[in-house]
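Since the structure comes first, as structure tokens, the remarks are kept for the end.
We name chains A, B, ... by the order of the sequence lines, and we start the count at 1 in each one. Please read these numbers as outputs of a predicted model, since none were measured by experiment.
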There are 2 protein chains.
Amino acid sequence: MSAASIKEVARHAGVSLGTVSNVLNRPNNVAPATRQRVLDAIAELGYVRNDSARQLRAGQSRTIAIVVLDVANPFFTDVVRGAEQVVEEAGAMLVVCNSGEDSARERRHLELLEEQRVRGVLITPVGHGRQPNLGRLHNRGIPVVLVDRGSGRASRCSVAVDDVLGGRLAMEHLLDQGHRRIAYLGGPFSIPQVADRHAGAAAALAERGPAAELRVAPTTNLTVAAGRRAAEELLTLPVRQRPSAVFCANDLIALGVLQELTGRGLRVPDDVAIVGYDDIEFADAAAVPLSSVRQPREQLGRTAAQLLLEEAEAGESHRHRHVVFQPELVVRRSSDRR
Amino acid sequence: MSAASIKEVARHAGVSLGTVSNVLNRPNNVAPATRQRVLDAIAELGYVRNDSARQLRAGQSRTIAIVVLDVANPFFTDVVRGAEQVVEEAGAMLVVCNSGEDSARERRHLELLEEQRVRGVLITPVGHGRQPNLGRLHNRGIPVVLVDRGSGRASRCSVAVDDVLGGRLAMEHLLDQGHRRIAYLGGPFSIPQVADRHAGAAAALAERGPAAELRVAPTTNLTVAAGRRAAEELLTLPVRQRPSAVFCANDLIALGVLQELTGRGLRVPDDVAIVGYDDIEFADAAAVPLSSVRQPREQLGRTAAQLLLEEAEAGESHRHRHVVFQPELVVRRSSDRR
DNA sequence: ATAACTTCCTAAAACGTTTCACACGCTCGC
DNA sequence: GCGAGCGTGTGAAACGTTTTAGGAAGTTAT
């Protein structure tokens with residue numbers, strides 16, 4: 001009942017053990033009549049392959065892991081969905097691990113994955129310095145692809161989105177709409193994404209708007225509450241100095257700003273225009289639909305998985321690649337002063 | 001480099017293979033000096049256990065799977081986080097699989113999991129009829145716990161939330177606020193949750209509000225867009241027949257309603273009060289913070305994992321249990337007519 | 001001095017699969 | 001009629017671990 005092995009199937013079908021294996025893996029090498037006898041035996045006994053034995057023999061597993069910073073973050077769930085498509089298509093299995101931005105948990109996961117001899121790992125590593133946890137995998141010859149982290153290192157592949165460009169797109173749009181006093185809301189700047197998006201906005205301003213001004217209103221983190229606080233602070237400014245538009249480092253901040261401003265009786269976009277970042281599902285569902293910079297999240301996952309499979313196939317001959325995607329501005333009512 | 005086995009460690013340390021195994025699994029049975037020699041060898045060779053071999057020998061794996069309908073749904077991601085805590089504490093590993101509400105994908109995942117000889121499966125199955133996919137696992141003796149699905153069957157454990165009670169809580173709250181003309185927005189009623197929540201609301205009305213009225217405005221699904229359409233329809237009613245409050249089958253619908261109503265110049269909660277269901281993260285961040293019925297999502301996951309581990313331990317002596325949690329009403333501004 | 005215990009270690013078997021070398025019986029082509 | 005080649009099947013080895021029975025010393029009790 002619980003565990004029929006290939007051996008019992010063989011006995012049942014009156015063939016040798018190797019023949020059963022052939023039916024499973026190279027059916028064309030087995031005469032139709034024999035094949036059918038074996039298949040019948042399999043069905044009758046409810047035989048199911050034992051993957052441990054198979055892997056042990058093969059020396060490698062068919063599973064690929066993705067280690068994310070937060071399973072509950074819409075960004076990562078979409079990346080996972082993208083990776084899933086590619087991995088399943090290749091007949092492999094994707095397991096999702098959650099580091100929760102905790103380096104110790106990340107390490108523990110990677111150790112377990114190493115014991116399982118995973119085929120490869122997609123990961124957005126915790127922190128942004130050296131990655132000792134990843135070094136071990138590398139020594140072991142397990143392919144690693146960095147997700148949403150550009151890699152200076154030539155020793156592994158990476159996929160990321162051009163956040164500088166994203167900042168630029170948002171800023172150019174606001175300039176096009178005629179805004180000349182604009183605020184950037186986001187923080188902390190130690191997060192590469194926050195810094196890059198600001199850099200892009202600043203660059204666009206330098207090129208395009210000699211007469212315009214970009215004020216930075218740093219936030220402690222990227223939450224709705226932080227956005228609300230930042231908006232409160234903007235409202236303390238004399239009306240003439242108040243920005244006519246804000247560009248937020250992510251959508252959560254933008255939603256907080258939107259909420260605070262409308263709560264205080266200001267109209268969006270007429271009094272203040274808002275552009276967010278990420279284009280999360282609720283950007284479109286906000287009280288005033290939110291303009292936002294969209295990242296190709298699923299594609300990020302798909303591409304990362306493809307690079308990984310490619311590397312796993314190619315082995316030594318593989319050349320590492322760094323793919324950078326371009327974000328896209330989605331204009332909605334919050335910044336559309338018609 | 002790539003694969004040092006126990007055998008090489010043994011040779012390196014000048015001991016037998018069994019001794020190395022003892023160092024790994026029963027260190028106290030090994031003399032300190034020998035133990036140290038072995039540990040040094042392990043470190044030097046970068047030895048990592050091969051889990052396939054270990055499992056093959058043990059006949060069972062240490063991984064537990066959770067199969068969800070949608071990895072991107074905040075409800076499930078929270079359940080996953082809860083399950084994760086318990087599973088990791090037990091030294092096991094949780095793998096997350098996504099059925100995407102597709103029965104074929106669900107089956108394929110379960111087959112792979114069966115091949116891996118998983119220790120157990122937490123699952124919210126696709127559909128609500130018979131579950132042939134689950135029957136196979138059961139025959140094989142793999143414990144299964146149903147998540148967010150009450151189970152009539154005594155053959156497995158389940159954890160769920162009392163949706164009837166949730167509907168009742170929402171309704172009683174609205175009645176307490178003095179509302180007498182109330183609408184229930186949600187659909188399709190083939191989804192157990194939608195039907196249960198309505199049943200609870202209806203029951204509360206029957207008991208408490210002899211003079212009140214509950215109008216049902218069915219929707220095609222549970223999205224923001226559906227909520228917006230339903231709100232439009234409500235607005236076609238003559239003002240005197242218009243409900244003064246709406247109870248929505250989930251928060252997405254509620255957000256759609258909120259958006260449409262405020263867009264048309266109505267005030268929430270003064271003109272119309274709104275209560276949603278699920279208490280998703282954005283309920284609190286909406287333009288008017290949304291009252292909602294909160295489900296103990298993480299606890300759902302934790303409990304499910306505990307039941308599973310318990311069953312996996314106990315084996316035959318295990319008695320199946322059905323745990324039902326109580327939801328909780330979170331009152332915010334959208335229904336608080338101060 | 002011997003038996004009975006410990007303590008520490010070894011050798012070998014087993015888990016279920018895949019693969020490889022080979023054997024058997026045919027049919028061809030010459 | 002004979003080697004070559006093909007199609008089909010067999011048996012054994014190997015993957016790396018855990019476990020079990022037991023052996024070789026050393027210690028204690030008699």
Side-chain angles (χ1 to χ4, degrees), chain A residues 1-39 41-42 45-63 91 111-112 114-119 140-141, chain B residues 1-39 41-42 45-63 91 112 114-119 140:
Chain A
M1 153 161 310
S2 59
S5 77
I6 242 187
K7 202 191 300 182
E8 306 179 51
V9 172
R11 192 154 43 78
H12 208 79
V15 299
S16 86
L17 188 154
T19 300
V20 177
S21 177
N22 279 335
V23 169
L24 259 31
N25 301 301
R26 286 174 299 282
N28 294 334
N29 289 3
V30 179
T34 319
R35 192 196 310 153
Q36 195 53 52
R37 276 216 318 286
V38 172
L39 290 176
I42 287 178
L45 295 174
Y47 166 77
V48 172
R49 252 202 196 102
N50 184 325
D51 201 50
S52 317
R54 198 232 255 280
Q55 279 189 195
L56 171 58
R57 171 67 218 216
Q60 242 205 141
S61 85
R62 279 153 37 258
T63 76
E111 281 169 3
L112 280 177
E114 212 178 329
E115 291 191 6
Q116 312 214 18
R117 303 291 192 268
V118 283
R119 190 70 158 276
R140 197 154 261 289
Chain B
M1 151 165 305
S2 59
S5 74
I6 244 188
K7 202 190 301 181
E8 305 178 51
V9 173
R11 191 155 43 79
H12 207 80
V15 299
S16 85
L17 185 155
T19 301
V20 177
S21 177
N22 278 334
V23 170
L24 259 31
N25 301 302
R26 285 174 299 282
N28 293 335
N29 289 4
V30 180
T34 318
R35 192 195 309 153
Q36 194 55 51
R37 277 217 316 288
V38 172
L39 290 176
I42 286 178
L45 296 174
Y47 166 78
V48 172
R49 253 204 197 102
N50 183 326
D51 201 50
S52 316
R54 198 231 255 280
Q55 278 188 195
L56 171 59
R57 171 68 217 216
Q60 241 204 138
S61 87
R62 279 156 33 259
T63 77
L112 280 177
E114 210 177 331
E115 290 191 6
Q116 311 214 17
R117 303 290 191 266
V118 283
R119 190 72 158 274
R140 200 156 257 289

N or O in side chain of [X] less than 4.0 angstrom from [N] OP1/OP2:
X	N	value
B/Arg57	C/dA13	no
B/Arg26	D/dT19	yes
A/Thr19	D/dT10	yes

For this session: Kindly point out which of C/dT18, D/dC15, C/dC9 is positioned nearest to the side chain of B/Val30?
Result: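 So the nucleotide nearest the side chain must be C/dC9.
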
Problem set entry | Side chain of B/Ala31 (C-beta onward), nearest among D/dT8, C/dC8, C/dT17 | C/dC8

Exercise. Side-chain contact, heavy-atom cut-off 4.5 Å: A/Leu24 with A/Arg54?
Worked result: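 The answer is no, as the side chains (C-beta and beyond) never meet within the 4.5 Å cut-off.
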
Exercise. Given side chains that start at C-beta, do those of B/Asp51 and A/Gln55 come closer than 4.5 Å, heavy atoms only?
Worked result: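 The answer is no; the side chains never approach within 4.5 Å.
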
Exercise. Nearest 0.5 Å, what's the CD1-CZ distance between A/Ile6 and A/Arg49?
Worked result: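 Reported to 0.5 Å precision, the distance equals 8.0 Å.
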
Taking atom [atom2] of [N] as reference, at what distance in whole Å does atom [atom1] of [X] sit?
X	N	atom1	atom2	result
B/Gln55	D/dT17	CD	C1'	11 Å
B/Arg117	C/dG16	CZ	P	9 Å
B/Tyr47	D/dT17	OH	P	3 Å
B/Asn25	D/dT20	CG	C1'	14 Å
B/Asn22	C/dT10	CG	C1'	10 Å
B/Asn50	D/dG16	CG	C1'	6 Å
B/Lys7	C/dA12	NZ	C1'	13 Å
B/Asn29	D/dT20	CG	C1'	13 Å

Hey, does [X] reach any base, or is it just sugar-phosphate, or nothing, if we go heavy atoms under 4.0 Å?
X	result
A/Ser21	base
A/Thr34	sugar-phosphate
A/Asp51	nothing
B/Arg54	sugar-phosphate

Exercise. Between B/Gly18 and A/Gly18, who's closer to the 5' end of DNA chain D by nearest nucleotide?
Worked result: A/Gly18

Problem set entry | Whichever of B/Arg49 and A/Arg35 has its nearest DNA chain D nucleotide further upstream toward 5' | A/Arg35

Exercise. Can you name the one residue among B/Leu17, B/Thr19, B/Val20, B/Val15 that meets side-chain contact (heavy atoms from CB on, under 4.5 Å) with B/Val9?
Worked result: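 Exactly one pass, corresponding to B/Val20.
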
For this session: Would you mind telling me which of A/Gln116, A/Arg117, A/Glu111 makes a side-chain contact (heavy atoms from CB on, under 4.5 Å) with B/Val48?
Result: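 Testing B/Val48 for a side-chain contact (heavy atoms from CB on, under 4.5 Å) against A/Gln116, A/Arg117, A/Glu111 leaves exactly one candidate, A/Arg117.
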
For this session: Starting from the 5' end of DNA chain C, give me the residue, B/Ala53 or B/Leu17, whose nearest nucleotide shows up first.
Result: B/Leu17

